[in-house]
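These notes concern the structure reproduced below.
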Amino acid sequence: MEQKKFEGSRQQAAASAFSGIKIAENLIAFEEYPNGWSFRRYADGAHGLYDCRGNLVSCIPEDDDDCYAAGNLYWLKEQDAFVLYASDGKKVAQSAAEITLLPNGWCILQNGGANALYRPDMSLAAQNFCRAHVLADGSYYLTQDENELWTLYARNGKKLEQQIVSSQFYSPDYYMLSFDGKNVIYDVASGREYVNDYSLVKLLPCKMYTAVANRSFSLYRADGMPVLSGYDKYVVFKNGMYFAANNGEFGTVFYPDGKVAVSDVWEYEEIDSCSQVWVEDENNCQMFNSLAEISHVSSNSIQIYPNGWYLCGDSSLYCSRILCRADNSIVQKDLLDADVFINGWYITERPNLTDGKAVVYTLHDAEGIVIAQSLRPIVVLEDYDAYLLENADGSTDLYEEGGGKLCADVRCLYASGTTILAVRKGENHAAAFRKPQAKEISRPAQWKNDYQPPVIGLSVPPFDLLWQSGNDKNNSGWGGIC
């Protein structure tokens with residue numbers, strides 16, 4: 001049995017799928033910017049900044065250090081100056097120093113050697129500052145020199161707070177500012193501010209925090225009401241439950257109302273994407289849903305997936321695993337194993353009925369429609385709705401959801417934002433593929449608690465190795481850019 005692609009049964013389902021648009025080929029350099037624009041260099045020497053439709057914006061940039069794009073702005077390094085443009089090509093400003101484009105549309109230029117902060121409409125917000133940090137709501141912080149305290153301003157420039165020593169952001173609507181001798185916790189949703197003088201404060205989910213007060217390490221709610229004390233460790237889950245333990249001892253998981261849910265906890269795990277919590281004690285594994293309700297109990301191990309599905313059953317028995325949805329309905333049973341991905345696709349593993357020895361890997365989409373089947377493991381690129389199939393001769397091909405082959409005989413794959421870069425064996429240039437409406441790739445949270453200027457650029461390396469052929473581990477280089 002060789003790999004199969006189920007194209008006929010997918011004609012309707014694939015209408016909204018990744019269509020395998022090749023946006024470029026013969027690339028020897030590529031970097032994608034936050035708004036989908038990219039710098040490209042081709043094997044024939046052509047290079048420049050391209051918009052998200054693949055149109056050449058400018059051939060001036062010689063390298064990816066000579067341009068940058070974010071929001072509706074981009075800059076080009078032209079001779080000895082950095083020139084800022086709107087996305088329609090209209091010149092907006094010019095600076096002798098590099099221009100900083102912030103993801104929310106704000107930007108920092110230098111006027112006469114001094115920093116100047118501009119709003120998305122290019123109105124001047126502030127100037128003559130050392131460092132700046134802009135929040136999601138448009139408020140911003142400034143400091144005049146490296147050793148000076150911070151000052152907070154509203155979007156319109158009104159001064160809100162000053163003499164800020166440090167800060168901590170859990171989310172845009174739950175953060176803390178620390179002043180000399182006091183902390184102020186802001187609960188934006190309720191419009192409340194809570195003041196305390198605790199030390200070692202750490203903000204946690206569900207508007208809770210830990211702190212040291214009166215020489216005791218405790219868990220509090222944002223309004224200062226104590227939740228729990230007397231433990232060395234606290235973990236709060238997004239469904240409102242929380243875990244507490246002392247060093248070297250088993251822990252306890254509590255319901256949001258403070259009642260004990262599970263004691264003598266050996267192990268626990270939270271699945272952030274679906275707010276489910278898995279807890280194991282001496283006798284059972286239990287699952288709690290996003291409402292902090294018990295959704296499943298088993299004497300065997302449970303594996304929870306990003307969409308809330310889970311795999312259960314006795315793994316010591318042959319073909320005994322069961323794949324279930326979050327509501328406990330069965331997807332498939334009598335499995336050897338399974339895997340579920342963030343985009344809803346899933347792979348099931350069953351024995352090959354022909355010889356009973358080999359494993360049959362079957363890839364399904366979120367509706368359960370079969371995408372592909374193989375006797376060799378299938379590699380899923382879940383952020384891109386694409387997958388890899390290995391052929392009998394050991395070569396590997398890249399496919400899109402609808403079953404179309406994107407690239408044959410792939411040596412390695414790289415990711416740059418929303419784009420897949422595929423390098424064929426024997427070649428040192430790449431082809432780039434992107435969805436027609438590229439979805440945002442999941443990335444770590446951008447909130448920082450040190451108030452350093454935001455890092456501009458991708459939050460993952462521009463060339464993140466997604467996959468590499470098994471016989472090519474010692475030759476991962478891609479021309480001169482990897």
Side-chain angles (χ1 to χ4, degrees), residues 97 100-121 123-226 236 445-456:
T100 302
L101 300 184
L102 305 181
N104 54 12
W106 293 56
C107 64
I108 298 175
L109 289 80
Q110 285 200 359
N111 293 332
N115 288 326
L117 177 66
Y118 290 87
R119 302 179 181 89
D121 62 3
S123 60
L124 180 65
Q127 56 185 344
N128 298 319
F129 58 88
C130 176
R131 290 184 291 165
H133 187 86
V134 182
L135 302 183
D137 63 357
S139 57
Y140 55 95
Y141 294 80
L142 302 175
T143 182
Q144 299 302 317
D145 61 57
E146 289 287 345
N147 299 316
E148 191 175 71
L149 302 180
W150 291 87
T151 302
L152 170 65
Y153 297 85
R155 183 186 179 95
N156 61 8
K158 179 181 177 181
K159 185 183 294 185
L160 300 177
E161 297 282 358
Q162 56 186 354
Q163 301 296 305
I164 300 170
V165 176
S166 64
S167 59
Q168 188 179 150
F169 284 81
Y170 178 79
S171 67
D173 68 343
Y174 179 46
Y175 60 95
M176 180 182 73
L177 302 180
S178 295
F179 303 86
D180 186 15
K182 71 173 183 178
N183 306 305
V184 181
I185 295 178
Y186 296 83
D187 183 353
V188 177
S190 67
R192 302 289 299 275
E193 300 176 6
Y194 304 103
V195 180
N196 66 62
D197 59 357
Y198 303 152
S199 60
L200 300 177
V201 177
K202 181 180 180 181
L203 302 184
L204 299 172
C206 301
K207 305 292 177 68
M208 295 189 191
Y209 65 88
T210 53
V212 174
N214 299 322
R215 288 188 276 187
S216 175
F217 183 54
S218 304
L219 178 65
Y220 297 89
R221 301 196 185 279
D223 60 5
M225 290 294 294
V236 178
Q446 294 299 308
W447 293 99
K448 300 181 183 297
N449 61 9
D450 57 1
Y451 280 97
Q452 296 299 317
V455 177
I456 303 303

Taking C-beta and beyond as the side chain, do [X] and [Y] meet within less than 4.5 Å on heavy atoms?
X      : Y      : value
Ile164 : Phe179 : yes
Leu152 : Trp150 : no
Ile108 : Leu117 : yes
Tyr194 : Asn183 : no
Met208 : Leu219 : yes
Val236 : Lys207 : no

Would you say [X]'s side chain and [Y]'s backbone share a donor-acceptor pair under 3.5 angstrom?
X      : Y      : result
Tyr153 : Ala126 : no
Arg119 : Arg155 : yes
Ser166 : Ser178 : no
Asn156 : Lys158 : yes
Asp173 : Val188 : no
Gln168 : Val201 : yes

Regarding Asp121 and Ser123, do their side chains bring together a donor and an acceptor under 3.5 Å, going by distance alone? yes

Mutual orientation of the aromatic rings belonging to Tyr175 and Phe169 [parallel < 30°, tilted 30-60°, perpendicular > 60°]: parallel

Evaluate the side chain to side chain contact (heavy atoms under 4.5 Å, CB included) criterion for residues Tyr118 and Leu124: first the C-alpha distance (whole Å), next the side-chain angles of each, then the deciding distance (0.1 Å), finally the verdict. CA-CA 5 Å; Tyr118 290 87; Leu124 180 65; 3.9 Å; yes

Residues two or more places apart in sequence or in another chain: which of them pass ring pair (Phe, Tyr, Trp, His ring centres under 6.0 Å) with Tyr209? Tyr220

Testing Gln144, Gln162, Gln163 for side chain to side chain contact (heavy atoms under 4.5 Å, CB included) with Thr151, which one passes?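 So the option named by the test is Gln162.
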
